[in-house]
Visitor: 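Could you have a look at this structure, given as structure tokens, before my questions?
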2 protein chains.
Amino acid sequence: MQYYPPSIIRLIKELSKLPGIGEKTATRLALHILRTSRDEARRLSESILEVKEKVKLCSQCFGLSDTDPCRLCRNPNRDHTTVCVVEQPSDMVALEKAGAFKGVYHVLHGALSPINGIGPDKLKIKELIARVEKGKVRELILATNTNVEGESTASYLADLLKPHPVHVTRIASGVPMGSDLKYLDEVTIKRAMERREAF
Amino acid sequence: MQYYPPSIIRLIKELSKLPGIGEKTATRLALHILRTSRDEARRLSESILEVKEKVKLCSQCFGLSDTDPCRLCRNPNRDHTTVCVVEQPSDMVALEKAGAFKGVYHVLHGALSPINGIGPDKLKIKELIARVEKGKVRELILATNTNVEGESTASYLADLLKPHPVHVTRIASGVPMGSDLKYLDEVTIKRAMERREAF
């Protein structure tokens, strides 16, 4: 890397800070950027600054949005009495892509993880309770991930919400569609057996 | 992707134009950029513009440089009578890393490839001949790649340089160091046998 001119080295260093981009990939990307047109590079450069400036959190669901409230929270065709609680904005996008939900969301921005110093205060839990206390929410679907952090966050929220007159549910867990039992981990298989349903 | 706010979508689109970056990786990178500090994002954005502004081709070797002539062409400790001809600036870096060459370079910026419309006019061949005609170059090492395009570019240059009083050589080809013959392609093995040397 030290054999390139200083400005290329600087770009390689900045690019290597991105997740999953090592020095080799960063070098390849930097040389590609050098070869593209000035306009192309300007567009990339500007769009990086633009997201930092424009994207805010929606004050209702805490999803990523250029507007406040966001497109979903503003939409009168969505069911505003059903709130789906997710860890990250990307989880919200995954659910939207699946098209299986017509309510609104609440993004926690993480999951409880004492080992990493993430307690309830670091998540949008206070805001969720406030939203429930307003009384319009009838069902709260806990759609945190099914790993240790996600599961304990779901339990924590379920306990916390017990005093409130809201129906709390959890997304189903079991064998993913299209999968082969022999390649599946034991915990999932055990869970799928325990939660078996009438055919 | 369409579930993200417009400014994020724009950044994802710009990032997906980079080589080897698909929509999924671009989304991951865009969300990472969103999470980093404003300063971090500004540094990345600026370094992209900076390379486009600062990096030029050295007027002597046509390598990438912030200065003209470049660091290597300016260096009095390099042997300016030996010129190593490479296809790309990255090849020059590979040779510098190996530390096996103390002369100067000439970057062609490609290899002859009639099928892709790349003829001698698209490469820095005219400039190489001009450099040789100045009379200071004693040896010209053809270090183009050993694929079809690189080999034919080397042959073409060797023919073109015949009338000139310069010693033209080609980097050795054969079995790469540390490799296992049984995994090597036949062309390399054949070449290594043909060019065998006294032990």
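These numbers come from a predicted model, not from an experiment. The chains referred to below are lettered A, B, ... by the order of the sequence lines, with proteins before strands, and numbering in each begins at 1.
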Visitor: Under a 4.5 Å cutoff for heavy-atom pairs, which residue among Pro19(B), Pro6(B), Ser65(B), Pro89(B) has the most contacts with chain A?
Guide: Pro19(B)
Visitor: To the closest 0.5 Å, what do you measure between CE (Met92(B)) and OH (Tyr4(A))?
Guide: 9.5 Å
Visitor: For Tyr3(B) and Glu96(A), which heavy atoms make the closest approach, and how far apart are they?
Guide: CD2-CB, 3.5 Å
Visitor: Hey, does the side chain of Lys52(B) reach the backbone of Thr36(A) with a donor-acceptor pair shorter than 3.5 angstrom?
Guide: yes
Visitor: Got a sec: does the CD of Glu194(B) have more than 12 other heavy atoms crowding it under 6.0 Å?
Guide: yes
Visitor: Should Ile141(A) and Ile125(A) be counted in the same cluster of Ile, Leu, Val, Met, Phe, Trp and Tyr side chains packed under 4.5 Å apart?
Guide: no
Visitor: Out of Gly63(B), Gly20(B), Ser45(B), which one racks up the most heavy-atom pairs below 4.5 Å with chain A?
Guide: Ser45(B)
Visitor: Which atoms of Ser90(B) come close to chain A, meaning under 4.5 Å heavy atom to heavy atom: side chain ones, backbone ones, both, or neither?
Guide: both
Visitor: If you define the side chain from C-beta out and look only at heavy atoms, does anything of Val93(A) sit under 4.5 Å from Thr27(B)?
Guide: no
Visitor: Could you measure the distance from the NE2 atom of His109(B) to the CZ atom of Arg35(A)? Nearest 0.5 Å is fine.
Guide: 10.5 Å
Visitor: Which atoms of Ile21(B) come close to chain A, meaning under 4.5 Å heavy atom to heavy atom: side chain ones, backbone ones, both, or neither?
Guide: side chain
Visitor: Using heavy-atom distances under 4.5 Å, tell me whether Leu31(B) contacts chain A through its side chain, its backbone, both, or neither.
Guide: side chain
Visitor: If I take atom CG from residue Leu64(B) and atom OG from residue Ser7(A), how far apart are they, to the nearest 0.5 angstrom?
Guide: 9.0 Å
Visitor: Do Val168(B) and Tyr105(B) belong to the same hydrophobic cluster, where Ile, Leu, Val, Met, Phe, Trp and Tyr are linked whenever their side-chain heavy atoms lie under 4.5 Å apart, directly or via other members?
Guide: no
Visitor: Taking atom CD of Glu186(B) as the centre, does the number of heavy atoms from other residues, nucleotides or ligands within less than 6.0 Å exceed 12?
Guide: no
Visitor: Do the side chains of Leu72(A) and Leu128(A) join up, straight or via other hydrophobic residues, at under 4.5 Å, putting them in one cluster?
Guide: no
Visitor: Can you name the closest pair of heavy atoms from Lys17(A) and His32(B) and give their distance?
Guide: O-NE2, 3.8 Å
Visitor: Applying side chain to side chain contact (heavy atoms under 4.5 Å, CB included) to Arg38(B) and Glu53(A), what does each step give before you reach the verdict?
Guide: CA-CA 9 Å; Arg38(B) 196 170 289 252; Glu53(A) 260 161 44; 3.8 Å; yes
Visitor: Looking at Val51(A), Ile8(A), Thr25(A), which has the largest count of heavy-atom pairs under 4.5 Å with chain B?
Guide: Val51(A)
Visitor: Are Val104(B) and Phe101(B) connected in a single hydrophobic cluster, I mean Ile/Leu/Val/Met/Phe/Trp/Tyr linked by side-chain heavy atoms less than 4.5 Å apart?
Guide: no
Visitor: Determine the minimum heavy-atom distance between Ile48(A) and Ala41(B), stating which atoms define it.
Guide: CG2-O, 3.6 Å
Visitor: Above 12 or not: heavy atoms from other molecules or residues under 6.0 Å from NZ of Lys56(B)?
Guide: yes
Visitor: Rounded to the nearest 0.5 Å, what separates atom CD in Glu50(A) from atom CD1 in Ile33(B)?
Guide: 12.5 Å
Visitor: When rounded to the nearest 0.5 angstrom, what distance separates CG in Leu18(A) from CG in Leu15(B)?
Guide: 8.0 Å
Visitor: Crowded around Arg138(A) CZ? As in, over 12 foreign heavy atoms under 6.0 Å?
Guide: no
Visitor: Is there a path of hydrophobic side-chain contacts, each under 4.5 Å between heavy atoms of I, L, V, M, F, W or Y residues, that connects Ile118(A) with Leu57(A)?
Guide: no
